[in-house]
Amino acid sequence: MTAAGYDGVMRLALERGFYFPSCGPYGDAPAGFWEYGPNGTAFKNRFLALWRRELVRRGGMMEIDGSQIMSRSVFEASGHLASFADPVVKCGACGSTFRADRLVAEKAGVAIPEAAEPAAFDAAVAEHGIACAKCGGALGGARRFNMMFGVGIGPEGERAYLRPETCQSIFVDFPRLYKTMRGKLPMAVAQVGKSFRNEISPRQSLLRLREFYQAEIEVFCNPARLDEAEGFPEVEGVKLRLQGGEERAGPVTAGEAAESGAVPGRLVAYYMALLALFYEKAGIDAERSRFRRLGEKEKAFYAEAAFDFEVETSAGWLELVACNYRSGHDLAGHAAGSGEKFEVDDGGEKVLPHVFEISMGIDRSLYAILEHSLREDAENDRTVLALRPYLAPVQVGVLSLVKKDGLKERADRIHRSLRGDFDAFLDHSGAIGRRYRRLDEIGAPYAVTVDHRTAQDGTVTLRSRDTMGQRRVAEEDLPDALRGGLRIP
RNA sequence: GCGGUCAUAGUAUAGCAUGGUAGUAUGCUGGCUUUCCAAGCCAGUCGCCCGGGUUCGAAUCCCGGUGACCGCACCA
């Protein structure tokens with residue numbers, strides 16, 4: 001194996017079934033679509049189990065599972081039909097494509113809103129004689145490039161869209177959830193699922209996909225009560241590595257951040273703290289992570305305050321999570337679009353809830369964890385994926401030291417008894433050291449080996465991935481021993 | 001989307017200039033050895049990105065497509 005970093009992770013991913021390009025056998029496989037193999041899927045499932053534990057359950061959230069295809073009206077109301085589409089012009093000579101609004105602003109100093117009709121850009125291009133910024137060639141007509149994938153529904157092909165973010169289901173479901181699930185503000189709703197964006201140029205495998213997993217959490221709150229968060233005392237001391245403008249990434253506690261106004265209220269500080277704790281438990285090196293406050297220009301159009309949770313990797317600082325205080329933008333939009341009431345009663349007061357959103361990119365998170373976990377152990381000539389034990393795709397390897405003398409049968413039996421409760425992998429073939437290496441590489445934290453002593457006293461050896469140390473454990477004590485080592489702290 | 005580089009087994013690569021259907025390493029499967037950290041031996045297994053053209057013959061030359069990497073642009 002090569003060293004860690006992007007290439008090392010990529011090689012591991014391809015060689016050990018973590019992830020690989022989709023539509024493999026065909027030459028016309030489009031870019032930006034990747035598939036998780038057995039180890040990748042198991043790893044992802046465990047990561048999501050941790051997400052459910054540390055955020056959904058701990059934060060008292062509801063989880064839903066919405067449709068991936070949603071109606072046109074939803075995206076009219078959300079603003080995606082207008083704002084998720086960039087006005088672009090293409091050079092007829094060299095083929096370069098430019099953002100029409102930016103080109104016009106740069107060349108002619110004229111500000112045209114990006115949501116304007118294409119004709120407005122054509123007029124400006126003609127009036128100011130704007131040519132291609134690259135080759136000086138004549139520009140073609142402006143058009144809108146929408147990053148949403150459209151789909152045709154039914155025989156008439158009625159226009160609908162694959163969701164470009166999962167959160168719209170949460171917004172449109174909010175009134176029903178509030179009524180039927182006995183909602184009270186603040187109320188947090190979570191969802192994990194696929195989103196789809198027609199990226200112009202997908203890059204770097206899991207880092208920029210056209211079809212990707214998001215886990216989004218929408219916290220509906222009363223804007224007058226942003227300082228009220230029930231669980232706050234238990235996370236008050238959690239360090240948040242805030243960074244914004246000129247400030248260095250220095251840890252402040254969640255309490256200090258809320259007190260100083262660095263984040264808008266205790267409610268927001270509470271969820272940011274849960275998020276920081278979650279990623280630490282997921283195996284992200286806290287020293288190489290930060291919450292970066294976005295400047296006015298970087299923020300999404302709806303956001304009043306925005307923090308990106310970023311992690312340092314060999315590909316630079318990667319944005320894993322966007323935390324946005326979205327104010328009343330979403331519910332007001334859907335109230336206006338649908339005519340339905342989105343105000344709720346909060347202690348006798350009618351309020352249109354504001355939204356604080358935590359939008360996680362799952363695929364990127366998985367990549368970052370893999371990169372932070374992959375090491376070369378030169379001393380022992382091995383590659384180790386030092387995943388937290390509770391995230392490992394294979395939890396325990398079951399090996400026979402040799403195949404004969406009944407050791408194989410004994411190992412088979414142990415494997416059968418363990419696999420109901422654990423992800424156990426059985427392996428009889430090859431040198432024992434080679435089998436340990438294979439398990440190390442996919443991050444299996446434990447290996448159980450049946451040897452000649454097993455038949456005499458009923459014990460097996462339990463090997464730890466990280467220390468390579470072994471201890472003898474009675475066969476019947478294995479489940480407890482493993483459970484102890486796999487427990488989430 | 002633009003420009004540059006590139007595409008050969010599961011992975012990493014040689015071969016391409018000077019066309020004659022592919023080699024190495026590692027992996028994988030089975031066997032021998034019976035062994036606690038990638039030992040050895042034997043046998044086996046898998047490949048020229050896709051489509052078209054030139055040619056008696058294409059991994060190799062030409063055209064088109066697709067993908068990957070890097071830079072630019074993009075990333076509500």
Review point. In terms of the nearest nucleotide of RNA chain B, which residue is placed more toward the 5' end: A:Tyr26 or A:Thr449?
Key: A:Thr449
**Study point:** Nucleotide forming a Watson-Crick or wobble pair with B:A17, both distances under 3.5 Å
**Key:** none
Exercise for review: Mark yes or no for a side-chain to base donor-acceptor pair under 3.5 Å between A:Arg203 and B:G71, with no hydrogen or angle criteria applied.
Suggested key: yes
Exercise for review: Just say parallel, tilted or perpendicular for the rings of A:Phe75 and A:Tyr161, cut-offs at 30° and 60°.
Suggested key: perpendicular
Point to revise | Neighbours of RNA chain B within residues 307-323 of chain A, by heavy-atom distance under 4.0 Å | key: none
Exercise for review: Return yes if a side-chain donor-acceptor contact under 3.5 Å exists between A:Ser314 and A:Glu371, otherwise no.
Suggested key: yes
Check your understanding: Hey, does A:Leu401 reach any base, or is it just sugar-phosphate, or nothing, if we go heavy atoms under 4.0 Å?
Key -> base
Review point. Is there a donor N/O on one and an acceptor N/O on the other, under 3.5 Å, for the side chain of A:Asp451 and the base of B:C36?
Key: yes
Review point. In the strands shown, is B:C75 matched to any nucleotide by a Watson-Crick or G-U wobble pair with both distances under 3.5 Å, and which?
Key: none
Exercise for review: Indicate, yes or no, whether a donor-acceptor pair under 3.5 Å links the base of B:C28 to the side chain of A:Arg434.
Suggested key: no
Check your understanding: Does any nucleotide pair with B:A12 by Watson-Crick or G-U wobble geometry, both distances under 3.5 Å, and what is it?
Key -> B:U24
Check your understanding: Do A:Ser205 side-chain and B:A68 base share a donor-acceptor contact under 3.5 Å?
Key -> no
Practice item. Please determine if a side-chain N or O atom of A:Gln470 lies less than 4.0 Å away from the OP1 or OP2 oxygen of B:C37. Key: no
Exercise for review: Searching all strands shown, indicate the nucleotide that pairs with B:C48 (Watson-Crick or G-U wobble; both distances under 3.5 Å).
Suggested key: none
Check your understanding: With a 3.5 Å cut-off and just heavy-atom distances, do the side chain of A:Arg382 and the base of B:C37 make a donor-acceptor pair?
Key -> no
Point to revise | Polar side chain donor-acceptor pair, A:His329 to A:Ser327, under 3.5 angstrom | key: no
Study note, to complete from the structure: The residue, A:Ser429 or A:Ser464, whose nearest nucleotide of RNA chain B is more 5′ is A:Ser429
**Study point:** B:A38: pairing nucleotide in any strand, Watson-Crick or G-U under 3.5 angstrom
**Key:** none
Practice item. Determine which nucleotide pairs with B:C61, using a 3.5 Å limit on both distances of a Watson-Crick or G-U wobble pair. Key: B:G53
Exercise for review: Measure up the A:Phe342 and A:Phe174 rings against each other and bin them: parallel (under 30°), tilted (30 to 60°), perpendicular (over 60°).
Suggested key: parallel
Point to revise | Watson-Crick or G-U wobble mate for B:A68, both contacts under 3.5 Å | key: B:U5
Exercise for review: Check whether any side-chain nitrogen or oxygen of A:Lys403 sits under 4.0 Å from OP1 or OP2 of B:G31, and answer yes or no.
Suggested key: yes
